[in-house]
Amino acid sequence: MRTKKLMLMLAIAAMMLSLLAPLGAAAAASDVAPLGYTDTQKAASEKAALLTSQYGTTSVQYALIDQGKIVVSGQSGINDAAGKKPLTANTMYGIGSTSKVFTAAAVMKLVDAGKINLDHPVVEYIPDFTMKDDRYKQITPRMLLNHSAGFYGSSLSNAFLFSDNDSYAHDTLLQQLSEQKLKADPGAYSVYCNDCFTLSEIMVEKVSGIGFTSFIHQYFSKPLGMPNTKTPQDHLDQSAMAALYFPGFRDQLPNETTNVIGTGGIYSTAEDLARFSQIFTGHETGILSADSVKAMSQPEYKKGFWPEDADTVFNYGLGWDSVNLFPFSDYGIQALAKGGDTLLYHASLVVLPGENMAAAVLSSGGSSTTNQMLASQILLHALKEKGAIDGIKAEKSYGKPTKADLPTELLNSAGSYGATNQLLTVAIAKSGELSISTPQAPGSPAQKFTYSKDGSFLSEDGNVKVNIVKAKNDRTYLWVRQYLSLPGLGQLALSEYSNEKLEPNDVPEETLAAWKARDGKRYYVINEKYTSVALLLLGAMKVQLFKEAPGYIIDQKITGPNTALADHQVPVMGSRDISPLNFYEQDGTEYLRYGTSLLVSEDALKPLYAGKHSSTTISANGYAKWYTIPDNAAGKTIKVSPSSKGSYAVYDENGTCVGLGTINSANPTVLPKNGTVMFAGEAGTKLQITLK
């Protein structure tokens, strides 16, 4: 799962600590081919060690399959900090959104059986699926699998939990969707959407009559010989899971469960994922028909508006992030790819159907992006070693800008541009200089580009190209193409409409006054479960007004004194996870409904009692309780009595989590000055608090 927003988005979590020196490659599994690929194995081992030594990855596991045989396999990094639990080929990792390929394959399995038609309405298969928008009746299974259904994006409250397989997020999705509208016509454009795949998971269950976990095992993991592929609904051997760590915490974390399985909840190993890839490589498995395999690899992104084809890591198929992945497109080789990021686990699967090859890379810490670059490097070295390509091509650039006269009409394109939770200010000078700055980061220098004779604005180093285009929906976008090189890992490319120009939004003074009263205020989540992994990242949400975009809250258009909603339609990633803002008052306290999260105003927070002993009890509504840390409590240590039904979190003044009961309940946490403390638990849970 990939994440842009603070609140539970599938944006990439902060890089994990690289705690010890890498251990190198471990022994391969029993079906690894005994000969060949010596150079590829060496390159894989060296580059995996690079991930764990320089790119913030705690541990990494990789495998290469060729012609149905695993020919390269290994690991790097650490598992437990004490070094008592070695990494092996059977160490399991969460694969995050790489699970979406399983979900797409499950739907196609039912297509093969004649039980689902990709282009019939979803309501035929889920009769109780409804929304507050009649257009939902036009949504088809194809639109779910190519991200074009038009949903807001992610209903992920209480989806990521520590060692807790509570299926709340899955079980309540239909209720959540019934209260939502659509942000676009179904099929208008593809933008990454987690809810599409949780709904697909539910569709598989409704049509097949069995649970999703059982379906995956019956039709994929068992027939393909994938013994280490599980879900949170299976009995999990915790000792078989890769150890998890988080910046600022010395202790190993409990295992992470992602309880929207079809969206991002499957566990696996690199070798198991390599075996799964055989469905798509032409290796005879009998799992899916050739027609279904072909359908999944088609350029679905072209069905809606999208940037012109260019080198990129994003061009959606059915379930796939890419059906023509760079750099393989430069070699005339089709590559399918899917990455996955939970808050703590990361994964990538890259498949070369025409070569009957695939590479999988999984990690604790790091990111799916660096994992994908490692997978690509393994495949390129293998192609070279077997003689399928002459060599690995040099890295690319758009070249130095050749300055040209700026067309005067482009001056009208200056202004504010938005994407989910992002605001950019674009200035264009008559001299031909394009300047992009970020009001949310006023201290950051503006990015500068020069108008060149090819009609684009180019960066000085030639690695970034920007065009201002009007798409076929008559909206204006920044089209950004970029090459990014990481030493030792090669180069990735990105082409996307990154931001849409925000149209003027005149707001009545009375409405604007209501928002000015909130400007700078913080709001705190109260409906996240006490076992939530998201407590590591919650901090607070801050309402901010910017003079650069009057009538907007960052990218969200103000629609009333208490409401705001993003109106942009940016394909690929730019408009993913749009969550409307809805404020309301109850019993004198202001609350904010933000997607599936409920937050309370900072005005409602009381100071924590600074004496030695106190307690707090979770109310009947089950909402968390937040407290400010008064000056006379700052510097003291807090210890909360262990409870199986509750926990706590401590945050500094910047919103960074510095103590979490589900991780270090046995160790007291020093209370930071100007920080906050949250207590969460089941309704009626009483937590005893000791300060020293």
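Under the 6.0 Å cut-off for aromatic ring centres, Tyr417 and Tyr477 do not qualify, their centroids lying 6.0 Å or more apart. Checked against a 6.0 Å centroid threshold, the rings of Tyr136 and Phe129 count as neighbours. When ring centroids are compared, Phe583 and Tyr523 come within the 6.0 Å threshold.
Looking at Thr425 and Ser416, their side chains never bring a donor and an acceptor atom within 3.5 Å of each other. Remark: the Lys100 side chain and the Thr103 side chain contain no N/O donor-acceptor pair separated by less than 3.5 Å. For the residue pair Ser456 / Trp479, no side-chain donor-acceptor distance below 3.5 Å is found, with atom types taken as modelled. If you check the side chains of Asp341 and Ser368, you find a donor sitting under 3.5 Å from an acceptor. Residues Glu395 and Ser485 have side chains that bring a donor and an acceptor to within less than 3.5 angstrom of each other. Side-chain atoms of Asn324 and Ser329 include no donor-acceptor pair closer than 3.5 Å. In summary, the side chains of Ser155 and Asp195 do present a donor paired with an acceptor at a separation below 3.5 Å, with no hydrogens or angles considered. Between the side chains of His568 and Ser575, at least one donor N or O sits under 3.5 Å from an acceptor N or O. For the residue pair Asp567 and Tyr552, no side-chain donor N or O sits within less than 3.5 Å of a side-chain acceptor on the partner. Gln175 and Glu179 form a side-chain donor-acceptor contact under 3.5 Å, judged by distance and modelled atom types alone. If you check the side chains of Asn315 and Ser322, you find a donor sitting under 3.5 Å from an acceptor. For the residue pair Thr656 and Asn654, no side-chain donor N or O sits within less than 3.5 Å of a side-chain acceptor on the partner. Checked by atom type, the side-chain pair Gln422/Asn499 shows a donor-acceptor distance below 3.5 Å.
For Glu510, the CD atom counts as loosely surrounded, since its 6.0 Å shell holds 12 or fewer non-hydrogen atoms of other residues, nucleotides or ligands. In this structure, Asp506 places its CG atom where only 12 or fewer heavy-atom neighbours from other residues, nucleotides or ligands lie under 6.0 Å away. The number of heavy atoms from other shown groups lying within 6.0 Å of NZ (Lys181) does not exceed 12.
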- Query: When you look at Leu118 and Leu318, which way does the side-chain contact (heavy atoms from CB on, under 4.5 Å) test go after all the steps?
  - Reply: CA-CA 11 Å; Leu118 285 178; Leu318 296 179; 4.0 Å; yes
- Could you give me the CA-CA distance, side-chain angles and deciding distance for Gln440 and Ile554, then say whether side-chain contact (heavy atoms from CB on, under 4.5 Å) is met? CA-CA 8 Å; Gln440 293 156 280; Ile554 306 180; 3.7 Å; yes
- With salt bridge (Lys or Arg N to Asp or Glu O under 4.0 Å) as the test, would you mind laying out the steps for Lys453 and Asp405 before giving the verdict? CA-CA 8 Å; Lys453 65 179 183 180; Asp405 292 335; over 6 Å; no
- Task: Start with the C-alpha distance between Met541 and Tyr524, add both sets of side-chain angles, then the distance that settles side-chain contact (heavy atoms from CB on, under 4.5 Å), and finish with yes or no.
- Result: CA-CA 7 Å; Met541 178 179 172; Tyr524 297 84; over 6 Å; no
- Message: Please determine whether side chain to side chain donor-acceptor pair (under 3.5 Å) holds for the pair Ser459 and Asp461, giving the CA-CA distance in whole Å, both sets of side-chain angles, and the decisive distance to 0.1 Å.
- Response: CA-CA 5 Å; Ser459 62; Asp461 62 7; 2.7 Å; yes
- Could you check Arg593 against Asn562 for side chain to side chain donor-acceptor pair (under 3.5 Å), going step by step and ending with a plain yes or no? CA-CA 10 Å; Arg593 176 66 67 181; Asn562 299 310; over 6 Å; no
- Message: Would Ser97 and Tyr192 count as a side chain to side chain donor-acceptor pair (under 3.5 Å) here? Give the steps.
- Response: CA-CA 11 Å; Ser97 285; Tyr192 202 83; 3.1 Å; yes
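A ring pair (Phe, Tyr, Trp, His ring centres under 6.0 Å) with His147 is found for one member of Tyr316, Phe314, Tyr189, Trp306 and no other, namely Tyr316. Here the rule is side chain to side chain donor-acceptor pair (under 3.5 Å) with Thr263, and of Asn194, Thr258, Thr198 only Thr198 fits it. For the side chain to side chain contact (heavy atoms under 4.5 Å, CB included) test with Tyr497, the passing option among Asn467, Val469, Val572 is Val469; the others fail.
Salt bridge absent: Asp311 and Arg481 never bring a charged side-chain N and a carboxylate O closer than 4.0 Å. Look at Lys393 and Asp330 and you find no salt bridge, because none of the NZ, NE, NH1 or NH2 atoms lies under 4.0 Å from a carboxylate O. With respect to Glu503 and Lys557, no salt bridge is recorded, no charged nitrogen being found less than 4.0 Å from a carboxylate O. For the pair Lys448 and Glu460, the salt-bridge criterion is not met [side-chain N within less than 4.0 Å of a carboxylate O]. Salt bridge annotation for Asp454-Lys465: present, with a cationic side-chain nitrogen under 4.0 angstrom from a carboxylate oxygen.
Among all heavy-atom pairs drawn from Val191 and Val570, the shortest one is CG2-O, 3.5 Å.
Put simply, the side chain of Glu201 gets close to the backbone of Gly262: a donor and an acceptor are under 3.5 Å apart. Side-chain N or O atoms of Arg475 include none that pairs as donor or acceptor with a backbone N or O of Lys501 at under 3.5 Å. Side-chain atoms of Thr312 come within 3.5 Å of backbone atoms of Ser495 as a donor-acceptor pair (strictly under, hydrogens ignored).
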